[in-house]
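To start, the structure itself, in C-alpha cells.
Atoms considered below: every heavy atom in the structure, side chains included; atoms not considered: hydrogens, waters and symmetry mates. For ligands, and for the atoms within them, numbers begin at 1 and follow the listed sequence.
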Amino acid sequence: MRPVWPLRILPGALLLLAAGCDDMSKQHKENPYASTRSAPADVAQGSVEYHDAPHPAPALTLALLQRGRSEYDAFCAPCHARTGQGDGMVVQRGFPAPLPLATAPTRSATPAQLYAIITSGQGIMYGFAQRIMPDDRWAIVAYLYALRRSQYAMLAARPALPQAIRP
Ligand code: HEC
C-alpha cells in the first residue's frame with residue numbers, strides 16, 4: 001500500500017523544521033548595552049544630534065540667506081506660512097496661530113533671541129535643537145530679517161539708486 005501523501009512529505013518537513021531551530025541567541029545582532037562606541041557614531045543617518053549649546057553665527061552671505069529660506073520653508077512655513085503671516089497649513093487645520101513674524105515682538109527680537117527661540121521653542125512652539133543644525137538655525141534667523149524687510153521695508157532705508165536707473 002502506498003503511504004498517504006502527508007506521510008510522503010513528512011521527512012522533508014522535519015528536515016526544514018530542524019534547520020529552522022538554529023539557536024537565535026547566537027545570531028549576530030546589535031546589543032545597545034554592550035556598545036562601547038561614543039554617541040556621535042550612533043546618531044542615525046539623517047537625524048541631527050541634540051545641540052543646544054551656544055554656537056557662533058556664521059558669516060552673512062547670499063548662500064546663507066538662500067539656505068535660510070529653504071530651511072524656513074521646510075520647518076517653519078507649515079505654521080508660520082511662507083510669508084510669515086502665521087496662517088500656514090497646520091494653523092489652517094486647527095493649530096493655534098502665531099503672531100505674524102514681521103510684526104512685534106519678533107520684529108524687535110535680537111538675532112540671539114531668535115536663535116534661542118528656534119533652538120528651545122517658545123510657549124506652545126516646540127524647539128528645533130534636535131531637528132535643525134546650528135548653522136542652519138542661524139541661516140533661518142538671517143532669513144527672518146529678509147522676510148521682515150520684504151514686508152516692512154522703509155523707503156528711507158532704501159540704498160541710493162545708481163544714476164543710470166533713476167527716473
Ligand atoms: C507647529 C507649528 C509651528 C512651527 C513648525 C514653528 N512655529 Fe514658531 N511659533 C508657533 C506658535 C504657535 C508660536 C506662538 C507661541 C507662544 O507664544 O505660545 C510661535 C512663536 C514663534 C516665534 C516668537 C513669535 C512671538 O510672537 O513672540 C518665533 C520667532 C518663531 N515662532 C519662529 C519660528 C521658526 C523660525 C520656526 C522654524 C524653525 C518655527 N517658528 C516653527 C508655531 C510654530
Which of the numbered atoms in ligand 1 are below 4.0 angstrom from a heavy atom of [X]?
| X | answer |
| --- | --- |
| L99 | 26 (O) |
| P96 | 12 (C) |
| C79 | 1 (C), 2 (C), 3 (C), 4 (C), 5 (C), 42 (C), 43 (C) |
| Y126 | 1 (C), 5 (C) |
| G123 | 16 (C), 18 (O) |
| F95 | 1 (C), 2 (C), 12 (C) |
| F75 | 5 (C), 37 (C), 41 (C) |

Indicate the atoms forming the closest heavy-atom contact of [X] with [Y], along with that distance.
| X | Y | answer |
| --- | --- | --- |
| L65 | A146 | CD2-CB, 4.2 Å |
| V91 | G86 | CG1-O, 3.6 Å |
| R67 | A139 | CG-CB, 4.1 Å |

Q.
Taking 2.8 Å as the cut-off, does H80 contribute an N, O or S atom near atom 8 (Fe) of ligand 1, distance below it?
A. yes

Q) Strictly under 2.8 Å, is any N, O or S atom of M125 next to atom 8 (Fe) of ligand 1? A) yes

(Q) Polar contacts were defined as any N/O atom of the residue lying under 3.5 Å from an N/O atom of the ligand; does this apply to Q122 and ligand 1? (A)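 Yes.
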
(Q) Test your reading of the structure: does I124 have an N or O sitting under 3.5 Å from an N or O of ligand 1? (A) yes

Q.
With a 4.5 Å cut-off on side-chain heavy-atom distances among I, L, V, M, F, W and Y, is there a chain of contacts connecting Y145 to F128?
A.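 Shared cluster, yes.
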
Q: Verify the cluster assignment for Y72 and Y115: are they in a single hydrophobic cluster under the rule of side-chain heavy atoms below 4.5 Å apart?
A: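 The answer is yes; both residues are in one hydrophobic cluster.
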
Q: Might you work through the side chain to side chain contact (heavy atoms under 4.5 Å, CB included) test for Q66 and E71, ending with a clear yes or no?
A: CA-CA 9 Å; Q66 286 167 338; E71 291 288 286; over 6 Å; no

**Q.** Under 3.5 Å: donor-acceptor pair, side chain of W138, backbone of H55
**A.** yes

Q: Measure from the side-chain N and O atoms of Q113 to the backbone N and O of T110, and report whether any donor-acceptor pair falls under 3.5 Å.
A: yes

Q) Which is it for R69 and I140 under the side chain to side chain contact (heavy atoms under 4.5 Å, CB included) test, yes or no, and what are the steps along the way? A) CA-CA 7 Å; R69 177 171 61 188; I140 293 175; over 6 Å; no

Is [X] in contact with ligand 1, taking contact as a heavy-atom separation below 4.0 Å?
| X | answer |
| --- | --- |
| P78 | no |
| L101 | yes |
| Y72 | no |

**Q.** Result of checking L144, L114, T83 against L101 for side-chain contact (heavy atoms from CB on, under 4.5 Å)
**A.**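 The single option meeting the side-chain contact (heavy atoms from CB on, under 4.5 Å) with L101 is L144.
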
Q | C76 contact mode with ligand 1 (heavy-atom cut-off under 4.0 Å) | A | both

Q: Using a 4.0 Å heavy-atom cut-off, say whether L114 meets ligand 1 through its side chain, its backbone, both or neither.
A: side chain

